[in-house]
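Each remark here refers to the structure printed beneath this line.
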Amino acid sequence: MATVGKTKLESGWLAARSTEVEVTGVQLTTTTPPSGPSAPWMEAAVPGTVLGTLLKNKLVPDPFYGLNNEAILDIADSGSEYYTFWFFTAFEAKLKENQHATLNFRAINYSGEVYLNGHKRILEKGMFRRHSLDITDILNSDGKNLLAVLIYPPDHPGTIPPQGGQGGDHEVYAIFNRNFTILSDTIEFPIWDRNTGIWDEVSLSITGPVKLADPHLVSSFFDNYKRSYLHTTVDLENKSSWRAECSLTIQVTAGLAEDVFLLEHLQSYELSIPPGSLVHYTLPPLFFYKPNLWWPNGMGKQSLYSIEISVDVKGFGESDSWSHQFGFRKIESTIDKATGGRLFRVNGQRIFIRGGNWILSDGLLRLSAKRYMADIKFHADMNFNMLRCWGGGLAERPEFYHYCDVYGLLVWQEFWITGDCDGRGIPVSNPNGPLDHDLFLFCAQDTIKLLRNHASLALWVGGNEQTPPKDINTTLMNYLKLHPLFKSNEENSVAGEDLSQESTDPSQYLDGTRSYVQASMWDGFADGKGDFTDGPYEIQNPEDFFKDDFYQYGFNPEVGSVGMPVAATIRATMPPEGWQIPLFRKLSNGYIEEIPNPIWKYHKYIPYSNPGKVHDQIESYGHPKNLDDFCEKAQLVNYVQYKALLEGWTSRMWTKYTGVNIWKTQNPWTGLRGQFYDHLHDQTAGFYGCRSASEPIHAQLNLATYYIEVVNTTSDELSDVSVEASVWDLDGKCPYYNVTDKLFIPSKKVFPVVEMKYPTSKNAKPVYFLLLKLFRLSDTSIISRNFYWLHQPDTNYNILEPYRAKKVPLKITSQTFITGSSYKIQMSVLNITKNSNSLDLVKEPEAARFKSGVLSRIFSGLQVSRSEHGSRVFEVAGSDTGVAFFLHFSVHDGKAVEEATNGDTRILPVHYSDNYFSLVPGESTTINISFEVPQGVTPRVVLQGWNYHGHGFSVC
């Protein structure tokens, strides 16, 4: 017998092209079901898309590899029937008396027919809507049920004109399907099936007579966040033919420690629901004194309470239940008077936004909680605090938002209006937006209900670079109007007054707690008027980010640059002809034009030069010899470029800017445009440049003025601190050393400390390293460490090329902790070269709290000097003095490395506490590495660097 609850239907699915199936949906689910994955039936990707299913069965080549995508048939050429597919599965469900069953599709694309045990139901049009079908009366009495779903592609799949152009001919947008599926500067190549399929979760819900739906949770605050109320409104539907006497229970628990919870509230309320009716029930507010607040990444802890709501029906028992992880927080968003930029406050505190533009995790919608977790943790690891879900992509899934809740990423969610497909382009698209405005608004309302309980959701935006049509925009404004408790003091003088003075409970609003902005370049973003004043999107001179004339508006929603991955990714995603590096053509004006190979061009490579403005940044390190050399030098540029971008913006925090979102943080395919990690989940060096620049407390060098600055984005003042600045030349000497007097740094301020005068000193070297350390005078613990490599004006980094030959001695201490397939490794690296200049500053490593394993074997010339308590210490010989430059770890399949396998040996994803780091003489650091391994794989950790090549550690 079925038990009350939800069961995902995510395995055992088959699929077949509709034109190859000779029986009807009724026959499929009664007399002639498929017997298994034999032609025309195949194993299906559910959730997923038709193209994902074809790829899973190797019926199409991997579209993300090389130029394979061009070998796949476009729906515009094949006709919609080619991508119209049947999906089939069987499930067991046998109901008890007074139980009800609902078949749920959280999203399909684009419409469909459902056949269950010979009965037909319709899945209405719309990519961003939920479908719930009552199947109580059509389940088989023996509990064995057959389900077939016929999925139709979008009504207007669109074509790509010969001249190309973003959004193709814009027809796909007529039904607000995702813009990127046909062509845009985000995914940069078309998805030939337009993502047709059952692309999100399918589930079976069993309830009693009364069903819960769409609870809305809201937290309100008073007395400077000392008093708080939890407001709750929930829909209850009595599906029976008799009056249901119900007990509605809400339970709130707070996590105190692992597996330790505090019960904050347990309340029950009696209510009576007439037969066949739907009731909107608002619970009395629950009071909390000083609740644990949810904070964005870098501002505090992401405290989440477990909320459970259940309904019991007299004579039946528990009828339905619902649970959610909820964060108590208040988000305000207004236009800052000083800068004109949009200003975000969380729990009353200003937050300087350093975030990124998010397209989606995977272009074929191979979405999973595990991949989402890695994606979102990567952004938290970069010290980002916001993601903008671009309007040509998805209304993101609850799993995405869950991990944003967990890791503290604020989310700016756009609806499906995009300037690429709404009133512009060649040919000009329909300025009145989607054809069916009512359907658009239905999907918008449903999306709001799906996502509104997430603490991370910070802002609704009507569209990308374009406002919605007037009627849609007006309706969205009405849907998303703020409850008086959530208006800023400027917007509503009654904000913050006692709850008893408010006539409407805030949970009765559709949302009511977060602002709506009509488009991405309006109302505090870009110039605020909708002019195209975002960007730029190409390589910049690093010092330009700090200059007065770089960007004139308070909040830039999109600014982008380069994104070359490591060489291993190029080899893994392209055939050998794609391993050819660009031709470097010298122009008459002295600049270099890069000419990429056709595969790189198809994957939208952004050059590292901008003739007439920026000299080639890779060439500045010496002409690249091959793919490995090119990609290693590209990582140097990636690190400098993005660190300078964020440091430049942060240097003007609150005086010129309120925030910036980088275009973009990742690619949903194997693109070569701006990204901080590639589609295989390997980070570029730009990832760690961002991580450094976005520290909540950060010491930095203003590259325009050469003043050392301390940035404090936190709400706490800094006192009894100092900055140590040391310059190191290529011979390992320290010609410049300075420790400032005691400093006081106010909260949320950028504090200029002292000019770094070494570049203008006598005998200053053309290339040098600068190390900044902000530390506490009381115990010399390091708060912020920042490393630069710099050159004098009118020179370049060419002399770093022979620096590769230096052999700097290192000592490496490792400790490994293994839990099942999960590895936690601490790698401590010490530059053994003596240093008589620097203070003995210590940055405490992260504490280890895992079961200990041992490092079993070592490779490549390492010598064990001692072993104790599960740790091993290795010394690497070297006769030179100097900086160990641009070191970076990677993790590989040890057996594949030993056997010299030609394929990709990397284990991905891997989370590093830092990477692409450098150590001056006498300096050490600890890198924490975490990852999971496939069964039977022994990982090998490899350390490489500019002047350190390929030592590995095999772990068991």
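Side-chain atoms are counted along with the backbone in the values below, which use heavy atoms only and exclude waters and symmetry mates.
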Restricting to side chain to side chain contact (heavy atoms under 4.5 Å, CB included), what partner residues turn up for [X], sequence neighbours left out?
X: A15; value: M42, A44, T53, F85, F87
X: N473; value: P468, M477, Y516, Q518
X: S323; value: E308
X: E43; value: P37, K56, N57

Do the side chain of [X] and the main chain of [Y] share a donor and acceptor less than 3.5 angstrom apart?
X: D362; Y: L365; answer: yes
X: N347; Y: W294; answer: yes
X: Q445; Y: F442; answer: no
X: N453; Y: L217; answer: yes

Practice task
Using salt bridge (Lys or Arg N to Asp or Glu O under 4.0 Å) as the criterion, list what pairs up with K377, not counting sequence neighbours.
Solution key: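 Listed in chain order: D381.
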
Problem - Any residue meeting salt bridge (Lys or Arg N to Asp or Glu O under 4.0 Å) with D235, in chain and number order, not counting sequence neighbours - result: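 If we apply the salt bridge (Lys or Arg N to Asp or Glu O under 4.0 Å) test to D235, skipping adjacent residues, there are no hits.
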
Between [X] and [Y], is the ring centroid distance below 6.0 Å?
X: H216; Y: H231; answer: no
X: F221; Y: Y229; answer: no
X: Y110; Y: Y152; answer: no
X: F415; Y: W460; answer: yes
X: F326; Y: F328; answer: yes

Closer than 4.0 angstrom, basic N to acidic O: yes or no for [X] and [Y]?
X: E414; Y: R388; result: yes
X: R106; Y: E201; result: yes
X: D200; Y: R397; result: yes

Donor-acceptor side-chain pairing of [X] and [Y] below 3.5 angstrom:
X: S321; Y: S310; value: no
X: D134; Y: T102; value: no
X: D375; Y: S361; value: yes
X: D471; Y: H437; value: yes
X: N117; Y: T29; value: no

Handout entry: CA sep, side-chain torsions, deciding dist, call: D312, L248, side-chain contact (heavy atoms from CB on, under 4.5 Å)
Key = CA-CA 6 Å; D312 281 40; L248 184 66; over 6 Å; no

Going by heavy atoms in the side chains, are [X] and [Y] under 4.5 Å from each other?
X: I135; Y: L204; result: yes
X: F88; Y: P33; result: yes
X: I122; Y: V114; result: no

Problem - Atom pair CG (N109) and CD1 (I151), whose distance is rounded to the nearest 0.5 Å - result: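 So the CG of N109 and the CD1 of I151 are separated by 8.5 Å.
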
Exercise for the section: Decide salt bridge (charged side-chain N to carboxylate O under 4.0 Å, His left out) for K370 and E932; before the verdict, give the C-alpha distance in whole Å, the side-chain angles of both, and the deciding distance to 0.1 Å. Expected result: CA-CA 11 Å; K370 185 175 182 179; E932 292 186 0; 3.6 Å; yes

Practice task
Take I108 and H131, measure what side-chain contact (heavy atoms from CB on, under 4.5 Å) needs, and give me the verdict at the end.
Solution key: CA-CA 9 Å; I108 65 161; H131 305 264; 3.9 Å; yes

Exercise for the section: Apply side chain to side chain donor-acceptor pair (under 3.5 Å) to T282 and D505, showing your working. Expected result: CA-CA 8 Å; T282 299; D505 188 288; 5.5 Å; no

Quick one: closest heavy-atom pair of [X] and [Y], and the distance?
X: N140; Y: N145; value: N-OD1, 2.8 Å
X: V210; Y: A244; value: CG2-CB, 3.7 Å
X: P34; Y: L28; value: CD-CD2, 4.0 Å

Please enumerate all residues that pass ring pair (Phe, Tyr, Trp, His ring centres under 6.0 Å) together with [X], with sequence neighbours excluded.
X: H379; answer: W358, Y677
X: Y115; answer: W86
X: Y281; answer: none

Handout entry: Qualifying salt bridge (Lys or Arg N to Asp or Glu O under 4.0 Å) pairs with a residue from residues 439-452, counting only residues at least two apart or across chains
Key =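 For residues 439-452: R130-D446.
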
Practice task
Any pair with a residue in residues 141-150 that passes salt bridge (Lys or Arg N to Asp or Glu O under 4.0 Å), sequence neighbours left out, goes on the list, sorted by first then second residue, please.
Solution key: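 Qualifying pairs, neighbours excluded: E92-K144.
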
Handout entry: Derivation of the side-chain contact (heavy atoms from CB on, under 4.5 Å) call for V46 and T89
Key = CA-CA 10 Å; V46 176; T89 192; over 6 Å; no

Problem - Of all pairs that satisfy side-chain hydrogen bond (donor to acceptor under 3.5 Å, both in side chains), the ones with a partner from residues 262-276, not counting sequence neighbours - result: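 As it turns out, the side-chain hydrogen bond (donor to acceptor under 3.5 Å, both in side chains) pairs with a partner in residues 262-276, which skip direct neighbours, are R243-S272, E245-S272, S247-E270, T249-S268.
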
Practice task
May I have the step-by-step check of side-chain contact (heavy atoms from CB on, under 4.5 Å) for D405 and L457, ending in yes or no?
Solution key: CA-CA 8 Å; D405 292 347; L457 179 55; over 6 Å; no

Exercise for the section: Carefully, step by step, assess S132 and N104 under the rule side chain to side chain donor-acceptor pair (under 3.5 Å). Expected result: CA-CA 4 Å; S132 292; N104 309 299; 3.1 Å; yes

